[in-house]
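Structure record follows, encoded as structure tokens.
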Amino acid sequence: MNIELTFQKSRSKDFSNVLKQCRIFDLFTEKEYRLEIASFEELFQKWNEFNIIYHHTKKWAGTVFVLDGKQDKTNDTFYRLQEVKECYKQYREFNARELFCDHAD
């Protein structure tokens, strides 16, 4: 899994908060405003920060969101990632197959 989110400098009042949240991630290049997330573990551990970053930057001109080499211009990929995160959360909380992700046997 590889996420790349790049954006341009913005005059938005939220720009400084987005930078603050990006700096929490291991692979953020501030000079290029490029955030890379290479593991589900980091994404899920820092989901709240990613959520803030994604929802502010998606409105900015020049923002590009790429998952595994495929650019997404909709919110579909974000919401699919959110579903995976919730499924994983349930798995970790219940630790029983029949109790997570609408499992049916």
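Since the structure is predicted, the reported quantities are computational estimates derived from the model, not experimental observations. The analysis underlying the following values was restricted to heavy atoms, covering all of them including side chains, and did not include hydrogens, waters or symmetry mates.
Across all non-hydrogen atoms, the minimal contact from Ser12 to Trp60 is CB-NE1, 3.6 Å. Among all heavy-atom pairs drawn from Leu35 and Cys22, the shortest one is CD1-O, 4.3 Å. Residues Lys9 and Phe15 share a closest heavy-atom pair of CA-CE1, 3.7 Å. Glu49 and Gln45 make their closest contact through OE1-O, 4.5 Å (heavy atoms, listed as atom of the first residue, atom of the second, distance). When all heavy atoms of Tyr79 and His55 are compared, the pair lying nearest together is OH-CE1, 3.8 Å.
Linking Ile, Leu, Val, Met, Phe, Trp and Tyr whenever their side-chain heavy atoms come within less than 4.5 Å puts Phe28 and Leu67 in one cluster. A continuous path of hydrophobic side-chain contacts links Phe44 to Phe25 [ILVMFWY only; heavy atoms under 4.5 Å]. Note on Leu27: it does not cluster hydrophobically with Phe40, by side-chain heavy-atom contacts below 4.5 Å among ILVMFWY residues. When the side chains of ILVMFWY residues are joined at heavy-atom separations under 4.5 Å, either directly or via intervening members, Ile3 and Ile24 end up in two distinct hydrophobic clusters.
Going from atom CG of Asp68 over to atom OG1 of Thr77 covers 9.5 Å, rounded to the nearest 0.5 Å. To the nearest 0.5 Å, atoms CG (Leu5) and CD1 (Ile37) are separated by 8.0 Å. The distance from atom CG of Leu43 to atom CG of Asn51, rounded to the nearest 0.5 Å, is 10.0 Å. Atom NZ of Lys13 is separated from atom NE2 of His56 by 7.0 Å, given to the nearest 0.5 angstrom. Here the straight-line distance linking atom CD1 of Ile53 with atom NZ of Lys20 works out to 12.0 Å at 0.5 Å rounding. Rounded to the nearest 0.5 Å, atoms NZ (Lys70) and CG (Asn2) are 13.5 Å apart.
Phe7 places a side-chain heavy atom less than 4.5 Å from the side chain of Val18. Here the side chains of Leu81 and Trp47 are in contact, with some heavy-atom distance below 4.5 Å. The side-chain heavy atoms of Leu19 and Glu30, taken from C-beta on, include a pair separated by under 4.5 Å. With contacts defined as side-chain heavy-atom distances shorter than 4.5 Å, the pair Val64/Glu4 does not qualify.
For the side-chain hydrogen bond (donor to acceptor under 3.5 Å, both in side chains) test, residues two or more places apart in sequence or in another chain that qualify with Tyr54 are Asn75. Considering only residues two or more places apart in sequence or on other chains, Gln8 meets the side-chain contact (heavy atoms from CB on, under 4.5 Å) condition with none of them.
Checked for salt-bridge contact, Asp26 and Lys46 meet the test: a charged N lies under 4.0 Å from a carboxylate O.
Formation of a donor-acceptor pair under 3.5 Å by the Thr57 side chain with backbone atoms of Thr63 is not found in this model.
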